[in-house]
Amino acid sequence: MRGTGTVAELVRRQWGDHRPALKHGPTVLSHHQVVEGAAARAALLADLLPRGGEPHLGLLLDNTPEFPLWLSAAALAGAAVAGINPTRRGPEPARDILHTEAPVPITERTHLPLLDGLELPGVRVLVADTEAYAALVAPYAGARPGEAVVAPVGPDSRMLLYFTSGSTGAQGRDLRARGSGTHICGVDSSLRLAVARTGPRSLIRPDPNDRP
């Protein structure tokens, strides 16, 4: 996959491909529908992120369709994704969100107790499995990939902010660029992703059973 451009380019290539791409329970999305959903979320993100701030968002999600949709949205928009670890407790999730300067974390109802009562100034939490979230995304359904950009998209721009283990203290933060050959987020052209649980953090990698 080296030398094939950016993750955003890989996402855009799926526009118009109506073969099945993502299956989760009874839900099946085509490649085109994945890109449609990503473009809508990229447009929503462009409206929600504060002007002049870091183009970051947080994901506190299980392995549901929202996870790859938001990863793809971030790639299209030029935003960087901070994975918020659901095993952290007390004030730690707030520290992670504020430390990564992610004013728009996306989560789901099962993880809301982790955020209850936390001080999150300037942060707007989106809860993906709610009617309010569906209503928020709906007006952006006609967005096309590449229309909404919050930062320049190139092989050297940030794609992921992820935490080191923090086994001897507070977690550190690492960066990964959005070139499609990066080890941390090499999204192949099928956009079928697997979540690998590796100790204290989750890494996103291509499904090893799915080759171009």
Side-chain angles (χ1 to χ4, degrees), residues 1-19 21-22 29-49 51-59 61 63 65-84 100-106 137 140 142-163 173-196 201-212:
M1 297 294 294
R2 292 185 184 277
T4 56
T6 66
V7 176
E9 290 169 357
L10 295 176
V11 174
R12 288 196 297 268
R13 286 178 199 166
Q14 310 317 305
W15 187 263
D17 185 343
H18 298 283
R19 294 174 297 172
L22 189 154
L29 299 179
S30 70
H31 295 278
H32 183 84
Q33 287 173 314
V34 170
V35 183
E36 277 187 323
R41 285 156 180 77
L44 170 61
L45 183 66
D47 280 349
L48 293 183
L49 284 178
R51 297 295 182 260
E54 292 288 349
H56 299 167
L57 68 147
L59 293 185
L61 294 168
N63 191 20
E66 287 294 329
F67 208 123
L69 286 172
W70 274 106
L71 282 176
S72 300
L76 292 175
V81 172
I84 308 304
T100 54
E101 301 177 77
V104 182
I106 296 92
V137 175
Y140 299 92
R144 296 179 67 88
E147 286 182 342
V149 176
V150 298
V153 178
D156 297 324
S157 53
R158 288 191 297 267
M159 173 70 188
L160 294 180
L161 308 172
Y162 76 98
F163 293 99
R173 185 177 72 183
D174 199 358
L175 307 176
R176 286 295 181 268
R178 65 183 63 244
S180 59
T182 59
H183 297 294
I184 188 69
C185 192
V187 183
D188 71 8
S189 59
S190 72
L191 286 176
R192 291 204 294 203
L193 304 178
V195 173
R201 67 179 184 271
S202 298
L203 306 183
I204 304 303
R205 66 185 182 189
D207 186 333
N209 298 314
D210 188 12
R211 293 289 181 262

What are the two closest heavy atoms between Pro145 and Val35, and how far apart are they? CG-CG1, 3.8 Å
With no hydrogens and no angle check, is any side-chain donor or acceptor of His56 less than 3.5 Å from a backbone partner on Ala102? no
Full working for side-chain contact (heavy atoms from CB on, under 4.5 Å) between Leu69 and Val34: CA-CA 6 Å; Leu69 286 172; Val34 170; 4.1 Å; yes
CG-CZ distance between Leu22 and Phe67, expressed to the nearest 0.5 angstrom: 12.5 Å
Can you tell me how far the CG atom of Leu61 sits from the CH2 atom of Trp70, to the nearest 0.5 Å? 9.5 Å
CG of Leu29 to NE2 of His18: how many Å apart, nearest 0.5 Å? 13.0 Å
Rounded at 0.5 Å granularity, tell me how far CD1 in Ile106 sits from CD in Glu66. 8.5 Å
Closest approach of Ala151 and Pro55, non-hydrogen atoms and distance? CB-CG, 3.9 Å
When you measure from the side chain of Arg51 to the backbone N and O of Leu49, does any donor-acceptor pair fall under 3.5 Å? yes
Check whether any side-chain N or O of Gln14 sits under 3.5 Å from a backbone N or O of Val11 as a donor-acceptor pair, and report yes or no. no
Which residue is it: Leu76, Val137, Leu57? I am looking for the one with a side chain to side chain contact (heavy atoms under 4.5 Å, CB included) to Arg41. Val137
Salt-bridge criterion met for Glu54 and Arg158 (N-O under 4.0 Å): yes
Grab the two heavy atoms, one from Ala38 and one from Ser72, that are nearest each other, plus how far apart they are. CB-CB, 3.5 Å
For the student: nearest non-hydrogen atoms of Ala77 and Ala42, plus distance: CB-CB, 3.9 Å
d(Trp15 CH2, Arg144 CZ) to nearest 0.5 Å is 4.5 Å
With distance as the sole test, does Glu36 use its side chain to make a donor-acceptor pair with the main-chain N or O of Gln33 at under 3.5 Å? no
Going through the distances and angles, do Leu71 and Leu160 end up as a side-chain contact (heavy atoms from CB on, under 4.5 Å)? CA-CA 9 Å; Leu71 282 176; Leu160 294 180; 3.9 Å; yes
Scanning both residues in full, the closest heavy-atom pair of Ala75 with Val7 reads CB-CG1, 3.6 Å
Holding to side chain to side chain donor-acceptor pair (under 3.5 Å), I want the full list of residues that pass it with Arg19, two or more places apart in sequence or in another chain. Asp17
